[in-house]
Number of protein chains: 2
Amino acid sequence: MTRRTRIKDIAERLGLSPATVSRALAESPLVAKETRDRVREVADELHYRPNVSARNLRTKRSMAVLMVVRDVVNPFYLEILKGVEATARAAGYAVLMGNAENDPDREDEYFDMLYDGHADGMILMTGKWPRRHRNAVEAGGLPVVVALEMIEGSRLPHLQIDNEGAAAEAVRHLIEIGHTRIAHVTGPLPEVMSVKRMAGYIRAMKEAGLTLPDDYVVKGNFSLHSGMAAARFLMALEEPPTALFAANDEMALGAIHEMRALGFDVPGDISVVGFDNLFLSDVFYPPLTTVAQPRAEIGRRAMTLLLDILAGGPPPAEPVIVPTSLKIRGTTAPLKTRTDQKQGV
Amino acid sequence: MTRRTRIKDIAERLGLSPATVSRALAESPLVAKETRDRVREVADELHYRPNVSARNLRTKRSMAVLMVVRDVVNPFYLEILKGVEATARAAGYAVLMGNAENDPDREDEYFDMLYDGHADGMILMTGKWPRRHRNAVEAGGLPVVVALEMIEGSRLPHLQIDNEGAAAEAVRHLIEIGHTRIAHVTGPLPEVMSVKRMAGYIRAMKEAGLTLPDDYVVKGNFSLHSGMAAARFLMALEEPPTALFAANDEMALGAIHEMRALGFDVPGDISVVGFDNLFLSDVFYPPLTTVAQPRAEIGRRAMTLLLDILAGGPPPAEPVIVPTSLKIRGTTAPLKTRTDQKQGV
DNA sequence: ATGAAAGCGCTAACAT
DNA sequence: ATGTTAGCGCTTTCAT
């Protein structure tokens, strides 16, 4: 790699000052049209690319944003990332990936990156309070948008789905097709997202006047494994449920897998609803009934929100809610009556 | 946000020069232990964080690497990203995500980022030649590692799996359990990865002395849809195959889905092998037999290779090959003989 | 419409 | 062991 072309090189070549070249490259109307064209031409010829460090140092901006997730390995974030990336690119921003791995210290490191100029803003999708930067988060005013998750009590702008409402809708679907013995596998408690989804389940059950045996609410942690364990527990009950609402798809799939291993048919013996609409959840057998979140849109809107804030706009006082939709597919079926073993399959 | 603490602030506070503070913070042995401690203390107290732009400008490094993939939405890259990220972090590097979307122009943009100081190095997983930077790639010597894919004819260091060998192994498994009418859905041709996997299929078939009807090699493009189309085509043949090797899991799952819709049982009527060991491919029904790549390790090793190169080490002249393993699960079963309808299910 | 000069915050070569 | 000086490449007053 030969030495890089600098503004100075272009300036010397044209007998101009670096200042004029800088202005010309920025399309400043202060520079004569003719000069601008000559500068552009020489810049192209020399393959000029501005040095980002120098520019960033001078402008005190990095033109990069940080997207921090709970765990990069979760495919759930991919479409969100795509939405963020597309919107960021269009505005000239690069996207840095942060993997918090549920570690508050890592969280802090990413806030550090905001301070040290690595990034101008952050899209936080972890729902965790950082430790060292707690006060800053509490106070708000940081160029940070919280998406999907919630940091309760913080003044940061939030972009969310209506977890409780979506969960209630999923459970209502089960009720509508005749189920009354409906169980729930929760996400990790007491995290807000899990609590809300559980609250939606409880609300829908209560509103329908259904009873909620203690045994029917099983603690999970969003992992495949916890879905399997929940299935084992539930199907061994004296009165096993005829339907299950899982707080995410991974647990739903784990549960279905285990139920099948136990000799139960889905949806013949038990209906299952998930939450997330995971990649390929529609080609599972049977295709999974689940709550879909508009992931790409969430990404786009979170980034748009962040861009507004970076441009000096006021952060929204109220959380922005994006709508979800229930995808009714093959893992839910009307309840079989005792006398009619074949109905609804 | 109040004004940032600079080295100068710490220096003034301690009556030292900025240079000494800079050295102290870098743990230079030139600075007295006692001074170092005092500097550290004041730095912590003032929450000092070095300004990365200034440092990068001075050191001509960004301490960031770029990971460029074909399409961020493919979950396949996630574990690789995790491996890259972990290794990068440990070495003090941040990871920038690049999404090439099969567009050579985007590819060029990411090479630009190498030149303009956005990143010090790049892990390329697209297998595409860039346009403008073609010559640079041809010449080699760039801080770029190509992983998973190949840029044929370039002198860039490569980290790969043995696509041909792995494909042959998968097909041999089908042959060993009695199949002779084995079809193949290819990836997008003429991309090297797809060509190699097809070559492995052909080699295994030839070595076993099996015939290869033209109809048995169907062109796909790695999408779910092309897997479905291939299944429709193959199962409508006069002599449909009894086994299918798909060049990736997504096509395998699409094919299985379609076969089931067509009334065929997998693996009862037809066995299917995929390639990639996608997330959750083991909880599909039936669990997918597939070729597993050590994704996290690929990420770690690619990043380690890049770190070596960034440290001035010589790039490996030969491609580095990481081993794959065949996961035999539920979508493959011994061939049913005509007289024994029940065997092997 | 253009130029001269200053300075962003840091590190490294060269003193002492 | 510490200080002085210079400069990375850029943008932005302030002059003309």
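A, B, ... follow the sequence lines: proteins, then strands. Residue 1 opens every chain. Here the structure is a predicted model, which means the values were calculated and not measured.
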Pairing donors with acceptors under 3.5 angstrom, does anything connect the side chains of A/His133 and A/Asp112? yes

Is there a side-chain contact between B/Ile151 and B/Val137 in this structure, where contact means two heavy atoms from C-beta onward sitting under 4.5 Å apart? yes

Any side-chain heavy atom of B/Gln293 within less than 4.5 Å of one from B/Glu79? no

Let's see if you get this right: which residues in residues 20-36 of chain B place a heavy atom under 4.0 Å from DNA chain C? B/Ser22, B/Arg23

Judged by modelled atom types alone, do B/Asn56 and B/Ser62 share a side-chain donor-acceptor pair under 3.5 Å? no

Would you classify B/Gly117 as touching base, sugar-phosphate or nothing, given that sugar-phosphate means primed atoms plus P, OP1 and OP2, and contacts are heavy atoms under 4.0 Å? nothing

Within the structure, does a side-chain N or O atom of B/Tyr48 lie under 4.0 Å from either OP1 or OP2 of C/dC10? yes

Using only heavy-atom distances, determine whether the side chains of A/Glu107 and A/Thr126 contain a donor-acceptor pair under 3.5 Å. yes

Are A/Tyr77 and A/Leu148 side-chain neighbours, meaning at least one heavy-atom pair lies under 4.5 Å? yes

Would you say the side chain of B/Pro75 lies within less than 4.5 Å of the side chain of A/Leu78, judging by non-hydrogen atoms? yes

Grab the CG-C1' distance between B/Leu16 and D/dT4 for me, whole Å please. 14 Å

Sequence-distant partners of B/Arg61, side-chain hydrogen bond (donor to acceptor under 3.5 Å, both in side chains), two or more places apart: none

In whole Å, I'd like the distance from the NZ atom of B/Lys8 to the P atom of C/dT11. 16 Å

Rounded interatomic separation in angstrom, taking CG from B/Asn51 and C1' from C/dT11: 13 Å

B/Ile7 side, atom CD1; B/Tyr48 side, atom OH - distance, nearest 0.5 Å: 4.0 Å

Rounded to whole angstroms, how far apart are CD on A/Glu12 and P on C/dG3? 13 Å

Within residues 52-63 of chain B, those residues having any heavy atom closer than 4.0 Å to DNA chain D are B/Leu57, B/Arg58, B/Lys60

Protein-nucleotide distance (A/Asp9, atom CG; D/dC8, atom P), rounded to Å: 11 Å

Rounded distance (Å) that lies between atom P of D/dT11 and atom CZ of A/Arg6: 14 Å

